[in-house]
Amino acid sequence: MQPGHTQRRILSGLTAFLVIAAMTGGMVPSYASQNIDQGSIRQIVFGEELTGFAKDEVFYDGNDLIIAAAGTYQLSGELDGKLKVSASKEDDVTLILNGVTIRNDVDEALEVRKTASITIVLAEDSENVIISGTSEDSAQEDGTDASQEDAEDSEEEDASGGAVHTHVATFITGEGSLKVEGYMNNGLQCSKDLTIEAGNIAVSAVHHGIRCKGTLTIFDGDIQLETGKDGIHTDGDIEISGGHIDADCYGDGIQSEQNITISSGTIIIKTEGTYKHTGSEEDFFGAPGNSRGGQSSSNTISEKGLKAEEQITVNGGTISLDTVDDAVHSNAVLVIGGGELTIISGDDGLHADQSITIDDGTVDIQMAYEGIEANQITVNGGDVSVISYDDGFNANGGSDGFGNFGGGPGGSPGSRANTQAAESEDETPDLVITGGTVYVNSAGDGLDSNGNITITGGCTIVDGPTNSMNGALDGGTENGGVILISGGTLYASGASGMAEAFDSSSEQCSFLITFPGTFREGMDIIVAMMDGTELFRHTVASSGNSIVFSCPELVQDETYVLTVDAGDEIYAYDLTMEQISNSFKASADGSVSSYSAFSMQGGGFMPGR
């Protein structure tokens, strides 16, 4: 490749970054404003004599190469030692990696100190490799991988051994590739802010893949991570506005001690031990008291997908999470305003200690212990689907562990121990649905709140529990909570043992009906007006013998027809809305009677079935 061509590509990349920074309102780092011309690039070929440098600018110290002056350096060749950049605090340094292999068996392979900033440019079509330690360093005496050690024995974050360790603001760009292997500690480690604008970056490390103590900003690039601890771990914010991230981790996928904001890009995260659900729920989640994969609940390793101490905001992007622990976890607030999330989780699909708000986007929780859990849950829009072993939605600010399941399938009423309620500012738990589409298929409660459930819009469908100790709707009436509806459509079916209806103070008519037998998966439930106009139709996904239904078309003193289409037999019931909230008991001959007491019924759905 001609040097002039490489230089033009660098200028193009830096110009693109300036445009992106301006569009996003971001601050322009000092390195992006450097005036790089063709004559400014200085060539270094590892293994060849250094020419054109003052003895205190670039020099070898044993096997290590030291760069001690500001400037732009194009590097190529192989170095068995350390590349160390240590200029003055006022100097900016740019490294163009154009086919380098840097290998250090005992320490960092690339170390940057004292400079104002460092820019790493991956030359177009170049392949670059940086390695610290050896594969033997990651093995235990018993032959197991070091990445499997307990989190309590984790590394000292500032210890030497990170393959790339920068102590200054760092910017990575270019159209080449960089392979980082950290056998001693982390892969890419930055003590200040780190910005990735482009490049194909593959990191494998026994500890964190990318460790940043400042803000991590990802504009673009293809980032592959295989790690013994977290894929990405920052002390500052994480901002992702593009690119492709694929992380396979033994710890958390992406973790911030502050905030995570995702506006675009593709993110794929798998945590160690994850696998597709092909057997029973116990096979998937492990025995009671254990996490998925049979790990003990005393395991201190966090294996979440997205995790933040403060707020997580998702406004775009395509995100796929397959995790042992919570797929998305905030210790404060989670806001989803767009994007597509596909989730398989051994614990919660979405969890926030304080609140979860879904305004738009697609959330597809294909399997989780509990689907969505927070003290305050609000769905204003979007398309939300949840399949869960326990509760679909759980507004309680409950615990995030696997002990004391409480209201798991077949357990006692309620949900897992509410040990974090005090952390949610003592607010009355609220589950509010104002719009969007919500689907829940749960073995535990469908919509569960230790306080209130309020429906004002949208379309909500619950294929609820088949066991009598859970309900399709479970409000916190014991805590003074109510279940109210004033708009939208809600259908919730399941076992009748813990069935609850909407409160009579609701503004929209509703009914609860229980049957003498059981409707089963595949049967159609139809609600229609007396003239045959269908208001609602649903093919049930789980068996049950109770249905709660409400829609804006239900009017007091009018009669409607509820039909159960069992294929070769059809059963119809005339239901008259005598009051806002109606309770009916169905008989085998198609008649109904009003009632207020709930009782469990048994047997097949109807005689002859």
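For the numbers below, each heavy atom of this structure counts, side chains included, while hydrogens, waters and symmetry mates do not.
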*What do the steps show when you test Thr134 against Asp105 for side-chain hydrogen bond (donor to acceptor under 3.5 Å, both in side chains), and what is the final call?*
CA-CA 6 Å; Thr134 65; Asp105 292 346; 5.9 Å; no

*Dump the intermediate steps for side-chain hydrogen bond (donor to acceptor under 3.5 Å, both in side chains) on Asn331 and Glu309, then the final yes or no.*
CA-CA 5 Å; Asn331 285 356; Glu309 285 292 322; 3.0 Å; yes

_Checking Thr313 against Gln311 for the side-chain hydrogen bond (donor to acceptor under 3.5 Å, both in side chains) test, could you report, in this order, the C-alpha distance in whole Å, the side-chain angles of both residues, the deciding distance, and whether it holds?_
CA-CA 6 Å; Thr313 303; Gln311 180 164 321; 2.9 Å; yes

*Where do Lys304 and Ser302 land on the side-chain hydrogen bond (donor to acceptor under 3.5 Å, both in side chains) test, with the steps shown first?*
CA-CA 6 Å; Lys304 299 173 175 64; Ser302 176; 3.3 Å; yes

*From CA spacing to verdict: side-chain contact (heavy atoms from CB on, under 4.5 Å), Gln366, Asp364*: CA-CA 6 Å; Gln366 297 179 350; Asp364 183 9; 3.3 Å; yes

*Let me see the working for Val168 and Val93 under side-chain contact (heavy atoms from CB on, under 4.5 Å), right down to the final yes or no.*
CA-CA 11 Å; Val168 300; Val93 176; over 6 Å; no

*Run the numbers on Val328 and Leu321 for side-chain contact (heavy atoms from CB on, under 4.5 Å), then give the verdict.*
CA-CA 8 Å; Val328 181; Leu321 308 173; 3.5 Å; yes

*Could you walk me through whether His351 and Asp353 pass the side-chain contact (heavy atoms from CB on, under 4.5 Å) check?*
CA-CA 7 Å; His351 177 98; Asp353 288 356; 2.8 Å; yes

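With sequence neighbours excluded, the residues satisfying side-chain contact (heavy atoms from CB on, under 4.5 Å) with Glu78 are Thr101. Residues satisfying the side-chain contact (heavy atoms from CB on, under 4.5 Å) test with Tyr60, not counting sequence neighbours, are Phe46, Leu50, Leu65, Leu79.
Between Ile254 and Ile240, some side-chain heavy-atom pair lies under the 4.5 Å cut-off. The shortest distance between side-chain heavy atoms of Ser204 and Glu181 falls below 4.5 Å. In this structure, the side chains of Lys114 and His167 stay at 4.5 Å or more apart for every pair of heavy atoms. Leu83 places a side-chain heavy atom less than 4.5 Å from the side chain of Ile67. Annotation: side chain of Val85 is not in contact with side chain of Tyr73 (no heavy-atom distance under 4.5 Å). Between Leu194 and Ile172 there is a side-chain heavy-atom pair separated by less than 4.5 Å. Between Ile223 and Ile210, some side-chain heavy-atom pair lies under the 4.5 Å cut-off. Within the 4.5 Å cutoff, the side chain of Asn104 has no heavy atoms near those of the Asn63 side chain.
A donor-acceptor contact shorter than 3.5 Å links the side chain of Ser330 to the backbone of Glu310. A donor-acceptor pair under 3.5 Å is absent between the side-chain atoms of Asn98 and the main chain of Ser76, judged by distance alone. Side-chain N or O atoms of Ser320 include none that pairs as donor or acceptor with a backbone N or O of Leu341 at under 3.5 Å. With hydrogens and angles ignored, the 3.5 Å screen pairs a side-chain donor or acceptor of Asn128 with a backbone N or O of Gly99. Thr271 contributes a side-chain N or O that, together with a main-chain N or O of Val324, makes up a donor-acceptor pair within less than 3.5 Å.
To the nearest 0.5 Å, atoms CD1 (Ile120) and CD1 (Ile201) are separated by 8.5 Å. Of the inter-residue distances, the one linking Lys229 atom NZ with His207 atom NE2 reads 4.5 Å to the nearest 0.5 angstrom. Taken from CD in Gln258 to CG in Leu216, the straight-line distance is 12.5 Å, to the nearest 0.5 Å. Note: Phe171 CZ to Thr195 OG1 = 7.0 Å, rounded to the nearest 0.5 Å. Here the straight-line distance linking atom CD1 of Ile218 with atom CD1 of Ile267 works out to 7.5 Å at 0.5 Å rounding. Here SG of Cys249 is found 10.5 Å from NE2 of His208. Values are rounded to the nearest 0.5 Å.
A side-chain contact (heavy atoms from CB on, under 4.5 Å) with Leu350 is found for one member of Ile377, Ile336, Asp326 and no other, namely Ile336.
Within the structure, salt bridge (charged side-chain N to carboxylate O under 4.0 Å, His left out) contacts touching residues 234-262 (residues at least two apart or in different chains) are Arg211-Asp235, Asp252-Lys307.
At a threshold of 4.0 Å, the pair Asp64-Lys82 does not count as salt-bridged, since none of the basic side-chain nitrogens sits closer than that to a carboxylate oxygen.
Between Thr170 and Thr166 the shortest heavy-atom distance is OG1-OG1, 2.8 Å. Closest heavy-atom contact between Ile262 and Leu306: CD1-CD1, 3.9 Å. Residues Ile365 and Gly371 approach most closely at CD1-O, 3.5 Å, considering heavy atoms. Between Gly182 and Ala163, the closest heavy-atom pair is CA-CB, 4.2 Å. Heavy-atom minimum distance, Lys192 versus Ala169: CB-N, 3.6 Å. Here the closest non-hydrogen pair linking Ile301 and Gly251 is CG2-CA, 4.5 Å.
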